[in-house]
Amino acid sequence: MAETLDVVETVKQGYAFGGPAVELGALLVDGTPNTEAAVRIPLAMVNRHGLVAGATGTGKTKTLQLMAEQLSSAGVAVFAADIKGDLSGISQPGEESEKLLARTKTIGQEWTAAGFPTEFYALGGQGTGVPIRATITSFGPVLLSKVLGLNDVQESSLGLIFHYADKQGLTLLDLKDLRAVIQHLTSDEGKADLKDLGGLSAATAGVILRALIGFADQGADAFFGEPEFDTADVLQQRDGKGVISLLELPNLQDRPALFSTFLMWLLADLYHDLPEVGDVDKPKLVFFFDEAHLLFADASKAFLDSIAQTVRLIRSKGVGVFFVTQTPKDVPDDVLAQLGSRVQHQLRAHTPNDAKALKATVSTFPNSSYDLGEVLTQLGIGEAIVTVMNEKGAPTPVAWTRLRAPQSLMAPAPAEALAAAVAGSPNNAKYTEVVDRESAYEKLAAKVQAGAEQAEAEAQGQPAPAEPRPQAEKKEKSMVEQVVGSSAFKQFARSAGREIVRGLFGAARRRR
Ligand SMILES: Nc1ncnc2c1ncn2[C@@H]1O[C@H](COP(=O)(O)OP(=O)(O)OP(=O)(O)O)[C@@H](O)[C@H]1O
Ligand SMILES: [Mg+2]
């Protein structure tokens, strides 16, 4: 009994910081909530990042939802991926039920139904949302390599290709631009340029080209191009509430790599654009990275280093990142070490692998009076083992917590509501229409045209041979091959332009 009192006292004191906080729930003692001992994260520490983990169906998404609601209410913008569509319910008031009210009453939560301002996005038009895109040049070689599944050698080769295109002023907006540049480098005429790019072999360039073609066939064409998503759009407020931007990903399994790299692009771009703010009363934006294991799986060393660096640096820009995944072991140690708050839902211990993951998870928690190996398998749904960063930056006591219930709908928003929200969004006019302005592909093609006209003029009135009408693909290749050999192209390539500044992940600085 004395020990029980100790837990209550320790948690009460450990979480008794002044100032606004994200309320997570109440301490559970022997299965009974203690409403005196509230478990919470200081709002000023939310940009010290966090992890929400647990087996499937244990309450991770609801935790994310209840946190996002409170952040929005505090005027903090939220970005989250909506992988199963169940987070879209955050835009609608929740449904009151006896069971729900029984839960909220025991933990001292005064529950009222509420919906929150939400914008829905989709990657290049997959899913219900305003379609968003990024250009190849701003995406950069590191992220693109991850998406294409390139190895280290191929990744550094792709870096050389970007460097070349940047220097030559060959703007890479969409996939066909990048293909045109690589085709140039692998053509007979481009070999001199290829040689100049020490370290890039024709064979590797060929591999990358084939990977790009496969990638386009999977529908990635729709994602790359303009208008490019203005990441400042995720920082909005509406009626004093932070806007919740949801990336709708109903077909995640089709393209997991594109999703996770896109989220890192977004973070890298925000990092470049946002001013340094140091310590903040509350974050500007909180970013929930669901299914985070997809990001780290099969990642190159360069990619993992970039993630760790981004997570480390973005905090001082007032952005908090919460990874959501099954176990902490999905997250590399140097990223995990930077996550100040931990909400660990139930873990299973059915298989030897489960047992190993459980043991590893326990080892990532600070010391406590709990036998975590036991407790983590006994947690109920919507319960978690929590430790966060207190207002002084020190870890709070480990607390078995029953979490609050979201005030918004705990199910997908009705399809009509979603469609109406998308149709009524101010972003629609901004992003829905694709723009295809002049870039590498068109420039190369134009040079072919110019070369042909010149030849025609030189031939002084001799009738030009009738041009056959090949398939688009063939035409593209032949035009590019013709153009690169022309002196006009070389002239153009030399005079073209300034170099692009590349930052985190090799993503390009925005040039608006
Ligand atoms: N905080 C909570 N309050 C009330 N009910 C909850 C809470 N957390 C979870 N639940 C209940 O448990 C169900 C599963 O939760 P949730 O969808 O968050 O699990 P999950 O860990 O995200 O699962 P998955 O890994 O399959 O995505 C919810 O539909 C809800 O009924
Ligand atoms: Mg979930």
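We use all heavy atoms of the structure for the numbers below, so side chains are in, but hydrogens, waters and symmetry mates are not. The first residue in the sequence is number 1, and the count goes up from there.
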Visitor: Can you give me the closest heavy-atom contact between Arg133 and Gly225, atom names plus distance?
Guide: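 Looking at all heavy atoms of both residues, the shortest contact is CB-O, 3.6 Å.
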
Visitor: Can you tell me how far the CZ atom of Arg103 sits from the CH2 atom of Trp111, to the nearest 0.5 Å?
Guide: 13.0 Å

Visitor: Keeping the roles fixed (side chain from Asp239, backbone from Lys241), state whether a donor-acceptor pair exists under 3.5 Å.
Guide: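 No; judged by distance alone, with no hydrogens or angles, the pair does not exist.
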
Visitor: Report the distance from atom CG of Asp233 to atom CG of Leu266, rounding to the nearest 0.5 Å.
Guide: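 Those atoms lie 10.5 Å apart.
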
Visitor: Please check if the side chain of Thr401 supplies one atom and the backbone of Leu27 the other of a donor-acceptor pair under 3.5 Å.
Guide: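 Between the backbone of Leu27 and the side chain of Thr401 there is no qualifying donor-acceptor contact (under 3.5 Å).
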
Visitor: In terms of side-chain heavy atoms, does Glu119 have a donor or acceptor partner in Ser245 at a distance below 3.5 Å?
Guide: no

Visitor: How about CD on Glu95, more than 12 heavy atoms from neighbouring residues, nucleotides or ligands closer than 6.0 Å, or not?
Guide: no

Visitor: Please list, chain by chain and in numerical order, all residues satisfying ring-ring contact (aromatic ring centres under 6.0 Å, His included) with Phe120, sequence neighbours excluded.
Guide: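 In terms of ring-ring contact (aromatic ring centres under 6.0 Å, His included), with neighbours along the sequence ignored, Phe120 is linked to no residue.
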
Visitor: Shortest non-hydrogen contact from Ala55 to Lys60?
Guide: O-NZ, 3.0 Å

Visitor: To the closest 0.5 Å, what do you measure between NZ (Lys301) and CG (Asp152)?
Guide: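 Lys301 atom NZ to Asp152 atom CG measures 10.0 Å (nearest 0.5 Å).
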
Visitor: Between Gln344 and Thr361, is any side-chain donor less than 3.5 angstrom from a side-chain acceptor?
Guide: no

Visitor: Using a 3.5 Å distance criterion without hydrogens, assess whether the side chain of Asp82 forms a donor-acceptor pair with backbone atoms of Ser88.
Guide: yes

Visitor: Has Gln346 got a side-chain atom pairing as donor or acceptor with Thr58's backbone, closer than 3.5 angstrom?
Guide: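 No.
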
Visitor: Without swapping roles, check the side chain of Thr432 against the backbone of Ala429 for a donor-acceptor pair under 3.5 Å.
Guide: no

Visitor: Among side-chain atoms of Asn427 and Tyr121, is any donor-acceptor pair under 3.5 angstrom?
Guide: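 Yes.
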
Visitor: According to ring-ring contact (aromatic ring centres under 6.0 Å, His included), who are the partners of Phe323, at least two apart in sequence or on a separate chain?
Guide: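 Listed in chain order: Phe289, Phe296.
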
Visitor: How long is the span from the CD1 atom in Ile244 to the OG1 atom in Thr118, to the nearest 0.5 Å?
Guide: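 So the gap between those two atoms works out to 5.0 Å.
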
Visitor: Could Lys176 and Asp174 be called an ion pair, given the rule that one side-chain N must be under 4.0 Å from one carboxylate O?
Guide: yes

Visitor: Using every non-hydrogen atom in the two residues, find where Thr35 and Thr106 come nearest and quote the distance to one decimal.
Guide: CG2-O, 3.4 Å

Visitor: Taking the side chain as every heavy atom from C-beta outward, state whether Leu28 and Glu383 have any atom pair closer than 4.5 Å.
Guide: yes

Visitor: State whether the side chain of Gln338 and the backbone N or O of Asp334 hold a donor-acceptor pair below 3.5 Å, judged by distance alone.
Guide: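 Yes: the side chain of Gln338 pairs with the backbone of Asp334.
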
Visitor: Determine the interplanar angle of the Phe223 and Phe139 rings, folded into 0 to 90°, and report it as parallel if under 30°, tilted if 30 to 60°, perpendicular if over 60°.
Guide: perpendicular

Visitor: Taking Glu69 first and then Arg404, would you say they form a salt bridge - that is, a charged N and a carboxylate O separated by under 4.0 Å?
Guide: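 The answer is no: the pair does not qualify as a salt bridge.
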
Visitor: Quick check: are there more than 12 heavy atoms from other residues, nucleotides or ligands sitting under 6.0 Å from CD of Glu98?
Guide: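 12 or below, so no.
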
Visitor: Work out which heavy atom in Leu144 is nearest to a heavy atom in Phe215; give both atom names and the distance.
Guide: CD1-CE2, 4.4 Å

Visitor: If every non-hydrogen atom of Pro332 is compared with every non-hydrogen atom of Leu304, which pair is closest and at what distance?
Guide: CG-CD2, 4.0 Å

Visitor: Which heavy-atom pair separates Met389 from Ser341 by the least distance, and what is that distance?
Guide: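 Met389 and Ser341 have their closest heavy atoms at N-OG, 3.9 Å.
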
Visitor: Report yes if some heavy atom in the side chain of Leu263 is under 4.5 Å from a heavy atom in the side chain of Phe287; otherwise report no.
Guide: yes

Visitor: Counting only heavy atoms not in Lys430 (residues, nucleotides, ligands), do more than 12 fall under 6.0 Å from its NZ?
Guide: yes

Visitor: For the side chain of Arg348 and the backbone of Thr56, is there at least one donor-acceptor N/O pair under 3.5 Å apart?
Guide: yes

Visitor: Got a sec, which residues hit side chain to side chain donor-acceptor pair (under 3.5 Å) with Arg40, two or more places apart in sequence or on another chain?
Guide: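 Residues passing side chain to side chain donor-acceptor pair (under 3.5 Å) with Arg40: Glu23.
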
Visitor: Can you tell me how far the CG atom of Asp330 sits from the CG atom of Leu295, to the nearest 0.5 Å?
Guide: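 If we round to the nearest 0.5 Å, Asp330:CG and Leu295:CG are 11.0 Å apart.
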
Visitor: So, Gln236 side chain and Val243 main chain: donor-acceptor pair closer than 3.5 Å or not?
Guide: no

Visitor: Would you say the side-chain atoms of Thr112 and Gln407 include a donor-acceptor pair closer than 3.5 Å?
Guide: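 Yes - a donor-acceptor pair under 3.5 Å links their side chains.
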
Visitor: Test your reading of the model: is there a side-chain donor-acceptor pair from His293 to the backbone of Val331, 3.5 Å cut-off?
Guide: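 Checked: no pair found.
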
Visitor: Is Asp221 reaching over with its side chain to a backbone N or O of Leu175, donor-acceptor style, under 3.5 angstrom?
Guide: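 It does not hold such a pair.
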
Visitor: Measure the spacing between CG of Asp279 and CZ of Arg48 and express it to the nearest 0.5 Å.
Guide: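 Answer rounded to 0.5 Å: 6.0 Å.
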
Visitor: Might you confirm whether atom CG of Asp281 has over 12 heavy atoms from other residues, nucleotides or ligands at distances under 6.0 Å?
Guide: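 For Asp281, atom CG is not crowded (no more than 12 foreign heavy atoms under 6.0 Å).
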
Visitor: So, do Phe303 and Leu143 sit near enough that their side-chain heavy atoms are less than 4.5 Å apart?
Guide: yes

Visitor: Find out whether Phe224 and Asp177 are in side-chain contact, i.e. whether some heavy atom of one side chain is under 4.5 Å from a heavy atom of the other.
Guide: no

